[in-house]
Amino acid sequence: MGPPPGALQIATMPRPPRRSDAGRVRVQESCPMSRFARAFAELLAPATGLDVDELAAAIGPPPRPEMGELGFGCFPLAKLLRKAPPAIAAELAAAVAPAGAIREVRAEGPYVNAFLDPQIVAREVLPDVVDRGDAYGTLDIGRDGCVPVDFSSPNIAKPFGIHHLRSTVIGHALVRMLRAAGYRPVGINHIGDWGTQFGQLLAIWELEGDEQRLREEGISYLLALYVEFNTRKVEQPELQDRARAMFKLLEDGEDEARRLWKLFRDVSLAEFERVYAMLGISFDDICGESFYENRMGAVLEQLAGKQLLTESDEATVIDLEAWDLGTALVKKRDGSTLYLTRDLAAAEYRHETYTFVRSLYVVGAAQALHFAQMIKVLDLLGKPWHAAIQHVPFGMMRFDDRKMSTRKGDIIFLEDVLVRAVDLARETIEKGAREKGRELPENIDEQAHKIGVGAVVFNDLKNRRTRDVVFKWDEVLSFEGATGPYLQYTAARIASMKEKYGRAVSGDVDFSRLSDPDELRLALAIEALPHSLRRAVDACEPSFVADRLLDIAARFSTLYARKDWKVISEDEPLTAARMLLAASTRQAIVNGLDWLGIDVPTRM
RNA sequence: GCGCCCGUAGCUCAGUUGGAUAGAGCAUCGGUUUCCUAAACCGGAGGUCGCAGGUUCAAUUCCUGCCGGGCGCGCCA
C-alpha cells in the first residue's frame with residue numbers, strides 16, 4: 001500500500017526560487033532536538049540503561065524556573081527497577097556528574113532536574129544565530145524533496161472575500177516553512193475557473209451582460225451579476241438549468257462562451273493580483289481547473305479500465321461505500337464533469353510534473369470527504385503515491401455580528417480588510433509621533449503596510465488552523481498583545497539599539513556577563529526556534545512557530561523593561577554581550593516571521 | 001440518522017507523543033516613562049479543563065456514553 005520510497009524521492013522541476021537563497025546556503029546539519037535536552041539525556045543514559053533518543057523525548061521543562069531548566073520524570077523506570085520514582089530520582093541525581101552546559105543535577109520528588117549554565121548556553125546558542133543570520137533556524141530535513149502546495153485557490157466567479165484569507169495565508173506560510181526546512185515547495189493556485197458557476201454567469205450575461213461595465217467595474221460587476229443570478233433564480237428556477245446548459249456549451253468549446261469565460265477570468269485574475277501583491281504572495285503555478293479540462297478523458301478511461309465506474313440515475317459514479325466514503329460523482333447526467341474529476345486529473349498531473357515527496361491541499365475542513373474520496377480513488381487506480389497526498393484542513397471563518405451571504409452580495413472583501421489595517425497602522429504611527437514629539441518617518445507608507453498586513457496575517461496564523469474563527473474587526477485590527485505588530489515592535493526596538501550601538505555585533509564576547517536567569521531563558525527560547533519549525537512543517541501547523549516567536553519576544557520584553565538591565569552602557573564587554581543576545585533575539589523573530597510570510601519594518 | 005472537527009478564566013486561545021501548584025493575550029483593578037521606542041513591562045482578581053463513567057501509580061490529555069456548537073453526507077466547488 002505504501003509508496004515505494006525510491007519512487008518518491010526523485011525530484012524534478014527545478015524551478016528558480018522566488019526569494020534569494022543567498023542567505024540560506026548553509027543549513028543546520030544536526031537533528032534539531034534541543035541540544036541541551038540531548039546532553040542531559042546522554043548524561044542520564046548510562047545510569048538508566050535507556051536509549052538516548054527515548055530519554056531525550058521524555059525530557060521537558062519543569063513547571064517553575066527555580067526547579068531548573070530540564071526535568072526527567074522517573075516513572076518509566078519504576079516498573080523496570082521495581083523501585084519508587086523518588087528513590088530512583090535520588091539515586092540518579094547522585095550518580096550523574098554534571099558536565100558541559102549542565103551545571104547541576106538535582107532530585108526533586110520523582111523528578112531529576114538539570115540546571116543549565118547560562119554562560120555555556122549563551123556561548124553555544126548565540127554566536128551561531130548571528131553567524132548564520134537569515135539562515136538561522138533553517139533545516140535540511142526536506143532533503144530537497146518536492147512538495148506541491150495547493151492553496152488560496154479562489155473562485156473566479158465569486159469575489160475574493162475575507163474567507164479566502166485562511167487558505168491563502170496558511171498555504172503561503174507552509175510554502176515558506178517548507179523551504180526553510182529544506183524542501184522544495186511549489187506554490188500552486190488552483191484557481192476555480194471552471195464549473196457550473198460559469199454557466200451561471202453566462203446565463204445571466206445573455207440576459208443583461210454589459211461588456212463596457214465589466215471592463216470599467218471589473219470584479220464588482222461580476223459580483224453584481226452573481227447576485228442578480230441568485231435573485232432571479234428564486235422566481236425563475238429554469239435559470240439553473242440554463243446555467244448548466246451554458247456550462248456544457250463552455251465545456252464543448254463554443255466560441256462565444258469561451259471568449260466570455262476568458263474575459264471573466266482575465267478581469268478577475270488582475271484584481272486578485274492586487275491582493276496577492278499586498279500580501280507579498282506569488283505562486284509558482286497558477287493553472288486553474290480549466291487547465292485540466294482536456295486531461296479528464298484520460299482519468300475517466302483509467303477509472304473505466306479498473307471497472308470502478310457505475311451508472312446511477314444517469315450519472316457516472318464510483319461506489320466507495322466499502323470504505324465508508326459514500327458515493328463519488330465523477331460525471332453529471334448531462335455528461336459534464338465535476339471537481340472530483342478535475343482534482344483527480346490535477347493530482348496525476350502534479351505527480352508526473354513534480355514527483356513529489358508530499359503533496360498538500362490547503363482547503364477548508366468542509367472538504368474532508370472530498371479529499372478522502374480523491375485519495376481513495378487514486379489508491380484504487382493503483383497509484384502508490386496517493387499516500388503522499390495530504391489534505392491540510394482549516395476551520396471555517398464565520399461572521400458573528402450579522403449573517404453574511406455571498407449570494408446576496410453581502411461580503412467583506414479581503415482587500416478592504418487589508419486596506420483598513422494599513423490605514424489604522426498609519427494612524428497609530430502618526431499618533432505616536434504626535435504624542436512623543438517625533439518626526440514622521442519618511443517611509444511611513446511602507447511601515448504602515450508591513451504593520452497592517454502583518455497584523456491581519458499573524459492574527460490568522462497564531463491559532464491552530466483547525467479551529468473555526470469568527471471574524472471580528474477589532475480582533476483583526478488589534479496591534480496589542482499577542483499580535484504581529486508586537487513581534488515587529490520587539491524587533492524594531494532592537495534594530496534601533498543596534499543602530500545606536502553603531503558597531504557590528506560580534507559573536508565573540510565575554511559570556512560570563514550573560515548569567516542572568518532571564519537571559520538564560522531567552523537564549524533557550526531562541527534555541528527552540530528550529531524545533532518549532534520542524535514541528536510546524538511535520539504537522540503543517542504554522543501556529544507552532546507563531547507561538548515560539550511570541551515566547552521569544554515576551555522574554556526579551558521582560559528583560560528590556562527591567563530598570564537594572566540596559567543593553568547599552570559604559571561597560572563595553574557587558575554591552576557587547578547583551579548586544580549579541582539582543583541581536584540574536586531580533587534575528588530569530590525576523591526569521592520566524594519570514595517563514596510565516598510577514599515582513600518586519602526596521603522602525604515603528 | 002451516519003461521519004469528521006470542536007467544548008480549558010467574562011472574551012479569544014496555548015497546553016510539545018499521560019506526569020510536578022493548568023498558562024498567555026484581551027477586558028477589569030492597581031502600579032511603571034528625567035534612563036536603549038509605553039504597539040511595552042510588573043502585580044491583583046478571575047478556572048469543578050462541558051457532564052458521567054472507564055483504563056492507569058498518575059487523565060485537561062487515552063477509551064465509551066451523554067449534552068452543547070460547527071461542518072459534511074449525488075449531479076455546486
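Numbered from 1 within each chain, the chains take letters A, B, ... in sequence-line order. Fair warning: this is a prediction, and the values are worked out from it, not measured in the lab.
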Practice problem: Measure the distance between the ring centre of Tyr560(A) and the centre of the six-membered base ring of C36(B), then answer whether it is under 5.5 Å with planes under 30°. | Solution: yes

Quiz item: Does Arg603(A) get its side chain close enough to the base of U37(B), under 3.5 Å, for a donor-acceptor pair?
Solution: no

Practice problem: Could you give the distance separating C35(B) and A40(B) at their C1' atoms, to the nearest angstrom? | Solution: 15 Å

Quiz item: Has the side chain of Asp547(A) got a donor or acceptor atom sitting under 3.5 Å from an opposite partner on the base of A24(B)?
Solution: no

Exercise. May I ask you to list the residues of residues 450-462 of chain A, by number, that have any heavy atom positioned under 4.0 Å from an atom of RNA chain B?
Key: Ile451(A)

Self-check item: Pairing of Arg603(A) and Glu499(A) as salt bridge, 4.0 angstrom limit
Solution: yes

Quiz item: On a plain distance test, is the side chain of Ser312(A) in donor-acceptor contact with the base of G74(B) below 3.5 Å?
Solution: yes

Quiz prompt | Between C75(B) and G10(B) - C1' atom distance, rounded Å | solution = 48 Å

Quiz prompt | P-based separation of G70(B) from U12(B) [nearest Å] | solution = 14 Å

Quiz prompt | Main-chain N/O of Glu289(A) paired with Asp193(A) side-chain donor or acceptor, under 3.5 Å | solution = yes

Quiz item: Just checking, Arg503(A) and Tyr501(A): is the charged tip under 6.0 Å from the six-membered ring centre and within 45° of the axis?
Solution: yes

Quiz item: Does OP1 or OP2 of C36(B) have a side-chain N or O of Lys498(A) closer than 4.0 Å?
Solution: no

Self-check item: Sugar-phosphate, base or nothing in reach of Ile494(A), heavy atoms under 4.0 Å
Solution: nothing

Quiz item: Between A58(B) and A24(B), how far is it from one C1' atom to the other, in whole Å?
Solution: 26 Å

Quiz item: Would Lys450(A) and Glu446(A) pass as an ion pair if we require N to O under 4.0 Å?
Solution: yes

